[in-house]
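In this chain, numbering begins with 1 at the start of the sequence shown.
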Amino acid sequence: MKKYISILVLSIAVISCKSKAVAVQGNTGQTIVEKEDKKIIEKHYNNKLDFSTLYIKASARYADEKQSQNVTAEIRIEKDKQILISVRFLGITMAKALITPSAVSYYEKMNGTYYEGDFTSLSKWLGTDLDYSKVQNLLVGEAFDDLRKGKYTQTIVDNLFRLDEEKDANLKKTFFLDGEKYLIQKEEISQPSENRTLQIAYSDTKTFDQGILPTSIEINAVQPKGKTSINLNYNNISFNEELSFPYSVPSGYKKVTIK
């Protein structure tokens with residue numbers, strides 16, 4: 001249970017990239033059509049959610065090759081400032097994580113441990129650069145990376161715009177956007193030499209006055225030690241309410257170090 005809680009908090013809260021993912025699919029049998037549309041990225045960011053706070057209550061399912069578990073997750077976001085995630089099992093808070101642009105903190109109840117640090121240690125541990133914006137982007141359905149800062153090879157695959165970025169041989173990133181609203185449908189990150197891949201897929205969007213928000217997120221991962229999947233389904237969503245962000249490590253908990 002300890003392993004499950006820790007991975008779930010980090011995957012939902014600090015999400016991604018070291019290893020959690022599904023293998024990147026090849027293009028065999030797919031029709032790829034070259035097309036230039038330099039406004040694809042611009043149109044993607046036209047969908048940017050306009051909000052000050054966001055409250056989400058979600059059901060979450062975690063599964064690996066040894067276990068599976070259903071929990072609930074409460075996600076509170078103050079845009080660009082802080083994210084608080086509470087993970088509950090049978091109504092009991094089992095873990096909490098607080099993420100700000102400068103720090104990441106979490107604790108888990110089963111083993112009485114907590115972590116406090118910045119994104120540097122987590123980035124090394126996860127095997128990729130991580131920051132607050134990437135966590136927030138993942139939760140609201142925006143591209144994990146800032147697409148405006150990269151250079152991409154553009155094709156069309158299965159009626160989706162596919163953007164491929166490959167800065168080096170050991171880090172490949174691919175983003176798939178629909179051709180109507182230019183929303184992210186899927187994004188993949190792989191580290192071939194480490195045998196690690198990550199896939200994040202979105203579905204079942206809802207339209208609000210503040211913009212479009214995906215209500216289903218599937219995270220699949222493959223790494224040398226096995227496969228992991230996390231499914232998030234947003235059940236209750238509200239914008240621009242006054243939210244509190246209560247977080248404190250219970251007394252007696254032991255601090256852990258991420259290396």
Side-chain angles (χ1 to χ4, degrees), residues 12 15-17 20-27 29-56 58 75 77 79-80 83 128-167 171-190 197-221 230-234 237-240:
I12 296 175
I15 278 179
S16 41
C17 275
K20 325 249 155 156
V22 139
V24 176
Q25 300 296 314
N27 294 321
Q30 295 179 332
T31 301
I32 300 179
V33 180
E34 297 289 345
K35 180 179 179 181
E36 285 295 328
D37 186 344
K38 296 181 180 180
K39 294 186 177 181
I40 289 175
I41 293 174
E42 177 185 335
K43 290 176 180 177
H44 169 65
Y45 286 104
N46 285 341
N47 294 309
K48 201 173 183 70
L49 281 171
D50 182 17
F51 69 96
S52 57
T53 65
L54 172 59
Y55 173 85
I56 299 167
I75 303 169
I77 302 175
K79 190 175 182 180
D80 301 331
I83 299 170
T128 189
D129 289 336
L130 188 68
D131 58 33
Y132 176 90
S133 293
K134 291 182 179 181
V135 178
Q136 182 173 278
N137 289 348
L138 187 149
L139 293 172
V140 301
E142 199 169 297
F144 193 70
D145 286 350
D146 188 338
L147 300 180
R148 295 164 293 195
K149 297 181 179 180
K151 294 184 178 180
Y152 306 91
T153 299
Q154 180 183 304
T155 54
I156 295 178
V157 180
D158 292 342
N159 296 317
L160 296 176
F161 287 106
R162 172 173 173 157
L163 305 178
D164 287 284
E165 178 187 56
E166 188 172 340
K167 289 184 177 180
L171 183 60
K172 298 180 180 180
K173 299 181 181 181
T174 304
F175 303 88
F176 295 85
L177 295 82
D178 74 84
E180 181 180 354
K181 296 181 179 178
Y182 300 88
L183 300 171
I184 289 289
Q185 302 297 301
K186 182 170 63 175
E187 44 197 351
E188 301 172 337
I189 302 171
S190 65
T197 56
L198 167 69
Q199 183 186 81
I200 304 164
Y202 296 95
S203 60
D204 300 328
T205 60
K206 284 188 177 180
T207 301
F208 301 87
D209 291 341
Q210 293 78 14
I212 301 173
L213 183 72
T215 57
S216 179
I217 304 174
E218 182 178 352
I219 303 168
N220 290 301
I230 296 174
N231 291 77
L232 282 174
N233 290 292
Y234 294 174
I237 299 166
S238 60
F239 290 92
N240 302 333

(Q) So that I know where these two stand, are Phe208 and Phe239 an aromatic pair - ring centroids less than 6.0 Å apart? (A) yes
Which pair of non-hydrogen atoms, one from [X] and one from [Y], has the smallest distance, and what is that distance?
X	Y	answer
Tyr132	Ile77	OH-CG2, 4.3 Å
Lys79	Phe51	CD-O, 3.1 Å
Gly141	Ile184	O-CB, 3.9 Å

Q | Lys173 and Glu188 ion-paired at < 4.0 Å | A | no
Q | SB check Lys134 Asp145 (cutoff 4.0 Å) | A | yes
I'd like to know if the side chain of [X] and the backbone of [Y] have a donor-acceptor N/O pair within less than 3.5 Å.
X	Y	answer
Glu218	Ile200	no
His44	Ala143	yes
Asn47	Lys181	yes
Tyr234	Ile217	no
Asp50	Gln210	no
Asp158	Leu160	no
Tyr182	Glu42	no
Thr53	Asn240	yes

Q: Starting from the C-alpha separation in whole Å, work towards a yes-or-no answer on side chain to side chain contact (heavy atoms under 4.5 Å, CB included) for Asp80 and Gln136.
A: CA-CA 8 Å; Asp80 301 331; Gln136 182 173 278; 2.9 Å; yes
Drop me the distance from [X]'s [atom1] to [Y]'s [atom2], to the nearest 0.5 angstrom.
X	Y	atom1	atom2	result
Thr174	Ile189	OG1	CD1	9.5 Å
Tyr45	Arg148	OH	CZ	5.0 Å
Glu142	Leu183	CD	CG	10.5 Å
Leu147	Ile41	CG	CD1	5.0 Å
Ser190	Leu171	OG	CG	7.5 Å
Asp146	Asn137	CG	CG	8.0 Å

Q. What's the verdict on side chain to side chain contact (heavy atoms under 4.5 Å, CB included) for Leu177 and Ile40, showing C-alpha distance, side-chain angles and the deciding distance?
A. CA-CA 8 Å; Leu177 295 82; Ile40 289 175; 4.2 Å; yes
Q: For side-chain hydrogen bond (donor to acceptor under 3.5 Å, both in side chains), just list the numbers for Thr153 and Asp164, CA-CA rounded to whole Å, side-chain angles, deciding distance to a tenth of an Å, and then say yes or no.
A: CA-CA 5 Å; Thr153 299; Asp164 287 284; over 6 Å; no
Q: State whether Phe175 and Arg162 meet the cation-pi test: NZ (Lys) or CZ (Arg) under 6.0 Å from the six-membered ring centroid, and within 45° of the perpendicular axis.
A: no
Q.
Can you tell me which residue among Ile237, Ile83, Ile75 is in a side-chain contact (heavy atoms from CB on, under 4.5 Å) with Leu54?
A. Ile237
Q: Please lay out, stage by stage, how Ile212 and Lys206 fare under the test side chain to side chain contact (heavy atoms under 4.5 Å, CB included).
A: CA-CA 6 Å; Ile212 301 173; Lys206 284 188 177 180; over 6 Å; no
Q) Are Lys151 and Glu165 close enough that some pair of their side-chain heavy atoms sits under 4.5 Å apart? A) no
(Q) Within the 4.5 Å heavy-atom criterion, are Leu213 and Val140 side-chain neighbours or not? (A) yes
Q. Yes or no on side chain to side chain contact (heavy atoms under 4.5 Å, CB included) for Asn159 and Asp178, after CA distance, side-chain angles and deciding distance?
A. CA-CA 7 Å; Asn159 296 317; Asp178 74 84; over 6 Å; no
